[in-house]
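Computed over heavy atoms, backbone and side chain alike; hydrogens, waters and symmetry mates excluded. We count residues from 1, following the sequence as given.
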Amino acid sequence: MMKSSAHLMRAMRNISKSLNYKNKRFYGAASQGDHIFRQLFDIRTFTYTYLIADKTSKDAVLIDPVLEQTDRDESILKQLGLNLIYAINTHVHADHVTGSGELKKRFRNCQSVISKASNAKADIHLENLNSLPFGSTALEARNTPGHTNGCMTFVWHDGEMAFTGDALLIRGCGRTDFQEGNSETLYNSVHSQILSLPKNWLLYPGHDYTGNT
């Protein structure tokens, strides 16, 4: 029994060493360096919402807010003393109503953001490789059509992360059998704009329907 326990402890130490880089990264809820990061989930629509904020300026952005979770998002922002300046949508969502409009009512400095190619109403329309600065950091917008024409992936260079919306899910991708969907276009988007990022970066999807994290 003691020999088995010792073997298990050695194995756990080896695993810990091999995964040591992960201890320096942030996942669901973390604060690292000059920034705050939160990953939030809506159980009804299986939607991930992401909060990124600058600790010094208190400027914050929400990526893919869900209307029914506006109270939750407002509560978290106020608990952390943050000033929401952007409510960002990776694309026009067929599976949930965005919370951007309601958040704008509650945070006077908040502006809604979406890609120009989406043809959707917003305060700011982004084009490929536009930068969206907040505090001491910024998000880079990359066109990743295929699920819809207006899909965008938001790359956070300082955090070594990318927020892929429905273009890339966990072991899957967004559907291409709806209007504007095109599997070849989506394949090219994912490989040229997302999988071309450094291999140690973390990719965060817009949804998960299968229980994966």
Side-chain angles (χ1 to χ4, degrees), residues 27-28 37-52 60-69 73 86-101 103 111-132 134 138-157 159-197 201-210 212-213:
Y27 285 81
F37 173 69
R38 296 288 189 275
Q39 182 186 46
L40 309 167
F41 189 65
D42 176 52
I43 191 65
R44 186 181 64 85
T45 61
F46 307 99
T47 302
Y48 285 118
T49 297
Y50 300 99
L51 166 65
I52 309 172
V61 304
L62 277 174
I63 300 173
D64 286 337
V66 178
L67 178 61
E68 288 81 4
Q69 295 291 348
D73 296 344
Y86 297 128
I88 304 168
N89 290 287
T90 55
H91 64 297
V92 175
H93 310 279
D95 45 3
H96 76 264
V97 178
T98 176
S100 299
L103 287 166
Q111 293 181 289
S112 56
V113 181
I114 202 166
S115 71
K116 184 177 181 180
S118 70
N119 294 317
K121 183 179 178 180
D123 298 311
I124 299 174
H125 290 96
L126 297 175
E127 298 187 74
N128 190 45
L129 300 183
N130 281 172
S131 179
L132 193 67
F134 59 101
L139 293 174
E140 179 189 73
R142 294 189 179 189
N143 286 340
T144 47
H147 174 63
T148 71
N149 290 339
C151 281
M152 271 193 157
T153 288
F154 290 90
V155 178
W156 186 26
H157 290 276
E160 297 183 351
M161 299 179 180
F163 303 91
T164 61
D166 283 18
L168 184 64
L169 305 177
I170 300 172
R171 299 184 180 88
C173 61
R175 296 177 62 168
T176 59
D177 56 338
F178 292 145
Q179 186 178 7
E180 297 186 354
N182 184 290
S183 57
E184 183 177 355
T185 299
L186 182 57
Y187 180 92
N188 291 333
S189 294
V190 168
H191 282 267
S192 65
Q193 300 300 325
I194 301 173
L195 299 184
S196 58
L197 293 166
W201 281 38
L202 298 177
L203 305 180
Y204 286 94
H207 300 274
D208 181 69
Y209 303 99
T210 59
N212 289 318
T213 58

*Return yes when atom CZ of Arg44 has more than 12 non-hydrogen atoms of other residues, nucleotides or ligands closer than 6.0 Å, and no otherwise.*
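Yes.
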
*Flag yes if more than 12 heavy atoms outside Tyr209 fall under 6.0 Å of its OH atom; otherwise flag no.*
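For Tyr209, atom OH is crowded (more than 12 foreign heavy atoms under 6.0 Å).
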
Side chains of [X] and [Y], heavy atoms from C-beta outward: is any pair under 4.5 Å?
X: Tyr86; Y: Ile52; value: no
X: Asp166; Y: His207; value: yes
X: Thr164; Y: Thr90; value: no
X: Met161; Y: Leu203; value: no
X: Ile114; Y: Thr98; value: no
X: Leu126; Y: Phe154; value: yes
X: Thr153; Y: Gln193; value: no

_Can you list everything that forms a salt bridge (Lys or Arg N to Asp or Glu O under 4.0 Å) with Asp123? Sequence neighbours excluded, please._
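Residues passing salt bridge (Lys or Arg N to Asp or Glu O under 4.0 Å) with Asp123: Lys104.
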
*asked:* Glu180: which residues meet the salt bridge (Lys or Arg N to Asp or Glu O under 4.0 Å) condition with it, sequence neighbours left out?
replied: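 Residues passing salt bridge (Lys or Arg N to Asp or Glu O under 4.0 Å) with Glu180: none at all.
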
*So Glu140 and Leu129, side-chain contact (heavy atoms from CB on, under 4.5 Å) or not? Walk me through it.*
CA-CA 6 Å; Glu140 179 189 73; Leu129 300 183; 4.1 Å; yes

Working to the nearest 0.5 angstrom, can you tell me the gap between [X] [atom1] and [Y] [atom2]?
X: Phe163; Y: Gln39; atom1: CZ; atom2: CD; answer: 9.0 Å
X: Asn89; Y: Leu62; atom1: CG; atom2: CG; answer: 10.0 Å
X: Tyr48; Y: Ile170; atom1: OH; atom2: CD1; answer: 5.0 Å
X: Gln69; Y: Thr47; atom1: CD; atom2: OG1; answer: 9.0 Å
X: His191; Y: Ser189; atom1: NE2; atom2: OG; answer: 10.5 Å
X: Ser112; Y: Ile124; atom1: OG; atom2: CD1; answer: 7.5 Å

_I'd like to know whether Phe134 forms a side-chain contact (heavy atoms from CB on, under 4.5 Å) with Leu139, so could you lay out the CA-CA distance, the side-chain angles of the two residues, the decisive distance to 0.1 Å, and finally the verdict._
CA-CA 8 Å; Phe134 59 101; Leu139 293 174; 3.9 Å; yes

Say whether, by atom type as modelled, one donor and one acceptor occur between the side chain of [X] and the main chain of [Y] under 3.5 angstrom.
X: His125; Y: Ala120; result: yes
X: Asn130; Y: Ala141; result: no
X: Tyr50; Y: Gly206; result: no
X: His96; Y: Ala94; result: no
X: Ser115; Y: Gly150; result: yes

Considering all heavy atoms, the nearest [X]-[Y] contact:
X: Asn143; Y: Met152; result: OD1-CE, 3.1 Å
X: Leu103; Y: Pro65; result: CD1-CB, 3.6 Å
X: Thr45; Y: Asp42; result: OG1-OD2, 2.5 Å
X: Leu168; Y: Pro205; result: O-CB, 3.5 Å
X: Ser196; Y: Arg142; result: OG-NH1, 4.1 Å
X: Leu186; Y: Ala167; result: CD1-O, 3.6 Å

*Step by step, work out the side-chain contact (heavy atoms from CB on, under 4.5 Å) result for Ile88 and Ile63.*
CA-CA 5 Å; Ile88 304 168; Ile63 300 173; 4.3 Å; yes

*Any luck finding a side-chain donor-acceptor pair between Thr49 and Asp73 under 3.5 Å?*
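Side-chain D/A pair, Thr49 to Asp73: absent.
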
*Side-chain donor-acceptor contact under 3.5 Å, Tyr204 with Asp64*: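 No, Asp64 and Tyr204 have no side-chain donor paired with an acceptor closer than 3.5 Å.
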
